[in-house]
*Asks:* 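Sharing a structure, written as structure tokens. Questions coming.
The structure displayed is predicted, hence computed values, not measured ones. Reminder, nothing fancy here: chain letters follow the sequence lines and each chain counts from 1.
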Protein chains: 2
Amino acid sequence: MMSTTAIRYDRVMGRWPDGATERLERAALELYQSRGFESTTVAEIAERAGLTERTFYRHYADKREVLFAGAAQLQDLLVRLVAEAEPSLAPIEAITAALTGAAAIFEERRSLVSQRQKVIAANPELQERELIKLAKLAAALAEALGQRGVPEPAATLAAEAGVAVFRVAFDRWIGGGDQRSLAVTITDSASHLRELTSAR
Amino acid sequence: MMSTTAIRYDRVMGRWPDGATERLERAALELYQSRGFESTTVAEIAERAGLTERTFYRHYADKREVLFAGAAQLQDLLVRLVAEAEPSLAPIEAITAALTGAAAIFEERRSLVSQRQKVIAANPELQERELIKLAKLAAALAEALGQRGVPEPAATLAAEAGVAVFRVAFDRWIGGGDQRSLAVTITDSASHLRELTSAR
DNA sequence: GAGACTGATGTCAGTGACTGACGTAACACT
DNA sequence: AGTGTTACGTCAGTCACTGACATCAGTCTC
């Protein structure tokens, strides 16, 4: 598997220009915006990035995945935030704390996030991919709650509800009507859910 | 578009055997079970059903859709149940009432539903399709709540939470560990969610 | 009852997503 | 200098999916 040598290199090296993934992701987003997702071929994306179609598939499993490269990091961050949340917090509170804690990531790149979301909103295939990413995120959050001692089905329900809260808040935040920060919108949606379920 | 003639016919007629969709759905499920989803071609499904590949695509938009033919009827039923629920019921209660009311549809075909779910569980592509069906279901339920006078974002949150409750309950019911009826499992999950969100 | 119409199917050719196998060349390591 | 690795290119192939056109049993119109 890995060589016994311990020395590793920080700088990317090689005969090829750096930043292939960045170029591919940028080219894909631009083409998906201008021609639409279905009308752009993988060959076109690769060409715009100065690569071949085959190389595209060495970086991304399929034509959709190029838009979801950041999902893994987001999930890792949220899982860590849940794990590091105050032990005294209830499950739902730990989840919402993690969500608001990660909100900055979106707020720092609102323009890019907005463009990406417009492309996704225009294509059912991309929506499917986004939904399964969110489902896996919910499963990972449920697992993180489990590590905190939350039993099932409470862990899964809290995680799914948390993701639903995030979805609703995110849509409002991106939608534009809501001028508040994403973090505030999340806590607002969470309290809405609390009212809904606890109300008699 | 439509002829001015008012006479319509109940019996399917024509030179072709009836039940093409039933044959296609049955053939698809069987092949997806035995060879796996990815390893079966649409041509094989069509051949087993006594048809051609092109005809398959006249009945279903794509290779996955053949497993989700019943989703539309389920959605219609749930929307109707929400609309017909007691006006005094709170949003979440109307949703759970509809879900338990539709549970019988699954309980009557537990074997078929279980086989189908095993196939879906084995394939990410099929999971994506299921997730978007559930998302559209949630949107339809939110719309139905809107007709009852429930404002946003409460309607969407209640619908999303309701679908999450159903997912958790369905998984437990199918998973086998839970010997209770699906309807009971749903109400149980709903009360779990209530405890989670209202708990101090 | 002849002719026009309809609806479900077959046939065929084509595009594009995705994969496996193999080759290449800069760079690193020994 | 030799060896291995890594990131890429090239090529051939499968299969999902689509558009265009043909067929023909049954129906409708007159």
*Asks:* Using a strict 4.0 Å threshold on nitrogen-to-oxygen distance, state whether A:Arg58 and A:Glu53 make a salt bridge.
*Replies:* no
*Asks:* By ring-ring contact (aromatic ring centres under 6.0 Å, His included), which residues pair with B:Phe166, not counting sequence neighbours?
*Replies:*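 Partners of B:Phe166 under the ring-ring contact (aromatic ring centres under 6.0 Å, His included) test: B:Phe106, B:Phe170.
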*Asks:* So, does B:His59 get its side chain near the phosphate of C:dT9, meaning an N or O under 4.0 Å from OP1 or OP2?
*Replies:*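 For C:dT9, OP1/OP2 do have a side-chain N/O of B:His59 under 4.0 Å.
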*Asks:* Do any side-chain nitrogens or oxygens of A:Thr52 fall under 4.0 Å of OP1 or OP2 in D:dC8?
*Replies:*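 The answer is no; no side-chain N or O of A:Thr52 sits under 4.0 Å from OP1 or OP2.
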*Asks:* Does OP1 or OP2 of C:dT9 have a side-chain N or O of B:Thr55 closer than 4.0 Å?
*Replies:* no
*Asks:* Salt bridge (charged side-chain N to carboxylate O under 4.0 Å, His left out) between B:Arg129 and A:Glu125: does it pass, once the steps are laid out?
*Replies:* CA-CA 9 Å; B:Arg129 181 55 50 86; A:Glu125 295 186 44; over 6 Å; no
*Asks:* Quick check on the helix from C:dG1-D:dC30 to C:dT30-D:dA1: what's the angle between its two end axes, five base pairs per end, to the nearest 10°?
*Replies:* 20°
*Asks:* What residue among A:Glu30, A:Glu130, A:Glu25 forms salt bridge (Lys or Arg N to Asp or Glu O under 4.0 Å) with A:Arg116?
*Replies:*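 Among the candidates, only A:Glu130 passes.
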*Asks:* In Å and rounded to the nearest 0.5 Å, what is the CD to CG distance from A:Glu108 to A:Leu112?
*Replies:*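 If we round to the nearest 0.5 Å, A:Glu108:CD and A:Leu112:CG are 12.0 Å apart.
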*Asks:* Less than 4.0 Å between a side-chain N and a carboxylate O, is that true for B:Glu44 and B:Arg35?
*Replies:* yes
*Asks:* Can you tell me how far apart OG1 (B:Thr197) and CG (A:Leu196) are? Round to the nearest 0.5 Å.
*Replies:*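 Separation between the atoms: 9.0 Å.
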*Asks:* Would you confirm whether A:Arg148, through its side chain, and A:Ala85, through its main-chain N or O, come within 3.5 Å as a donor-acceptor pair?
*Replies:* yes
*Asks:* Could you check B:Glu65 against B:Lys133 for salt bridge (charged side-chain N to carboxylate O under 4.0 Å, His left out), going step by step and ending with a plain yes or no?
*Replies:* CA-CA 10 Å; B:Glu65 197 66 16; B:Lys133 295 287 184 187; 2.6 Å; yes
*Asks:* Under a 3.5 Å threshold, yes or no: a donor from one side chain and an acceptor from the other, between A:Ser111 and A:Ser114?
*Replies:*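 No, no side-chain donor-acceptor pair sits under 3.5 Å.
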*Asks:* Between B:Leu77 and B:Gln73, does a side-chain contact (heavy atoms from CB on, under 4.5 Å) hold up when you go through it step by step?
*Replies:* CA-CA 6 Å; B:Leu77 172 61; B:Gln73 291 105 295; over 6 Å; no
*Asks:* Taking DNA chain C as the partner, which of residues 121-133 of chain B come within under 4.0 angstrom of it by heavy atom?
*Replies:* none
*Asks:* So, using side chain to side chain donor-acceptor pair (under 3.5 Å) as the criterion, who are the partners of B:Thr21 when residues are at least two apart?
*Replies:*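 Partners of B:Thr21 by the side chain to side chain donor-acceptor pair (under 3.5 Å) criterion come out as none, since no residue qualifies.
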*Asks:* Scan nucleotides 15-22 of chain D nucleotide by nucleotide, 5' to 3', and note B when protein non-hydrogen atoms come under 4.0 Å of the base, S if they reach only the sugar-phosphate, - if neither.
*Replies:* -SBBBB--
*Asks:* Pull out every residue in residues 20-34 of chain B that has a heavy atom closer than 4.0 Å to any atom of DNA chain C, ordered by number, or say none.
*Replies:* B:Ala20
*Asks:* For B:Asp188, is there any backbone N or O sitting under 3.5 Å from a side-chain donor or acceptor partner on B:Ser191?
*Replies:*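 Yes; judged by distance alone, with no hydrogens or angles, the pair exists.
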